A.B. asks: 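Here it is, the structure in full.
Treat the numbers as computed from the prediction; the structure is a model and nothing was measured.
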Amino acid sequence: MTIRTDEGKSPERVIGADPSPATLWAVGWTIVRMTDDAPRTWTVEDHLQDADPAHVELWQQVVALIEACGPVTVLPHKTTVAFAGERRGFAGARPTKHGVDGFLDLQRPLAPDRRIRRVSPYTKRLFVHQFRVTSPADLDEEFAGWVREAYAVGAGAHLR
């Protein structure tokens, strides 16, 4: 790792050579480029390792509902495990201390329901629904229907 300081020019510290905007972090007047840090690869296990076993089981039930719709690609990220269809991502979920929190992308806003914590427009045709389920009873046929609608979005239904 190379450290270069431009004394007398500006209060900045540059780590590495030729920093690009994609690899810079600005904190106040300090600009730092991280060159030795490899990108973190997240796994499903990272999300499950310290979770309450009951919430892990509930998460697995949510995943089973998603996978029952058809083939999906599982995409673990830092904040959630996302699920993608053939065209795009359509859902995500992770166990939390409260149960399972996640999202579903739907072509319409849902009517108020205690499982739906927030609905936000994502595009003209899509709405992101933040959900929380706390027991297997929350995974009823209505919830399964929302998952099927989201899966259709993953297949490109919102483009037709």
A.B. asks: Any link between Val133 and Val56 through a network of hydrophobic side chains (Ile, Leu, Val, Met, Phe, Trp, Tyr) touching at under 4.5 Å?
C.D. replies: yes
A.B. asks: Got a second to check how far His77's NE2 is from Asp46's CG, nearest 0.5 Å?
C.D. replies: 13.0 Å
A.B. asks: Any sub-3.5 Å donor-acceptor pair from Arg132's side-chain atoms to His98's backbone N or O?
C.D. replies: no
A.B. asks: Within the structure provided, determine whether Thr96 and His55 are in side-chain contact (heavy-atom separation under 4.5 Å).
C.D. replies: no
A.B. asks: Around atom CZ of Phe127, are there more than 12 heavy atoms from other residues, nucleotides or ligands closer than 6.0 Å?
C.D. replies: yes
A.B. asks: Is the backbone of Thr79 close enough, under 3.5 Å, to the side chain of Arg94 for a donor and an acceptor to pair up by distance?
C.D. replies: yes
A.B. asks: Taking the six-membered ring for Trp, are His47 and Trp42 parallel (under 30°), tilted (30 to 60°) or perpendicular (over 60°)?
C.D. replies: tilted
A.B. asks: Check each of Asp140, Thr134, Asp138 against Arg115 using the side chain to side chain donor-acceptor pair (under 3.5 Å) test, and report the only one that passes.
C.D. replies: Asp140
A.B. asks: Any link between Val62 and Leu48 through a network of hydrophobic side chains (Ile, Leu, Val, Met, Phe, Trp, Tyr) touching at under 4.5 Å?
C.D. replies: yes
A.B. asks: With heavy-atom distances below 4.5 Å as the criterion, would you say the side chains of Ser135 and Leu58 are in contact?
C.D. replies: no
A.B. asks: Which pair of non-hydrogen atoms, one from Gly89 and one from Asp105, has the smallest distance, and what is that distance?
C.D. replies: O-OD2, 3.7 Å
A.B. asks: Of all heavy-atom pairs between Cys69 and Leu65, which one has the smallest distance, and what is that distance?
C.D. replies: SG-O, 3.6 Å
A.B. asks: Evaluate Glu142 against Asp113 for side chain to side chain contact (heavy atoms under 4.5 Å, CB included), listing each step before the verdict.
C.D. replies: CA-CA 11 Å; Glu142 183 175 37; Asp113 184 283; 3.7 Å; yes
A.B. asks: Counting N and O atoms only, with roles assigned by atom type, does the side chain of Tyr151 sit under 3.5 Å from a partner on the main chain of Pro71, one being a donor and the other an acceptor?
C.D. replies: yes
A.B. asks: Determine whether Gln107 and Leu126 make a side-chain contact, defined as any pair of heavy atoms from C-beta on separated by less than 4.5 Å.
C.D. replies: yes
A.B. asks: Are Tyr122 and Phe131 joined in one hydrophobic group, where the rule is that I, L, V, M, F, W and Y side chains link up if heavy atoms are under 4.5 Å apart?
C.D. replies: no
A.B. asks: Run Arg88 and Val153 through side chain to side chain contact (heavy atoms under 4.5 Å, CB included) and show every step you take.
C.D. replies: CA-CA 8 Å; Arg88 67 180 311 276; Val153 167; 3.6 Å; yes
A.B. asks: Look up atom CD in Glu149 and atom CG in Leu110, then write down how far apart they are to the nearest 0.5 Å.
C.D. replies: 6.5 Å
A.B. asks: Do His158 and Thr123 have side chains that approach each other closer than 4.5 Å (heavy atoms only, starting at C-beta)?
C.D. replies: no
A.B. asks: Give the ring-plane orientation class for Phe83 versus Trp59, where under 30° counts as parallel, over 60° as perpendicular and anything between as tilted.
C.D. replies: tilted
A.B. asks: Out of curiosity, Thr80 OG1 to Phe103 CZ, how far, rounded to the nearest 0.5 Å?
C.D. replies: 6.0 Å
A.B. asks: Would you say that more than 12 heavy atoms from the other residues, nucleotides or ligands in this model lie under 6.0 Å from the CZ of Arg87, or not?
C.D. replies: no
A.B. asks: What about Val63 and Phe143, same hydrophobic cluster or not, with Ile/Leu/Val/Met/Phe/Trp/Tyr joined at side-chain heavy-atom distances under 4.5 Å?
C.D. replies: yes
A.B. asks: Would Leu75 end up clustered with Val44 when hydrophobic side chains under 4.5 Å apart are linked, directly or stepwise?
C.D. replies: no
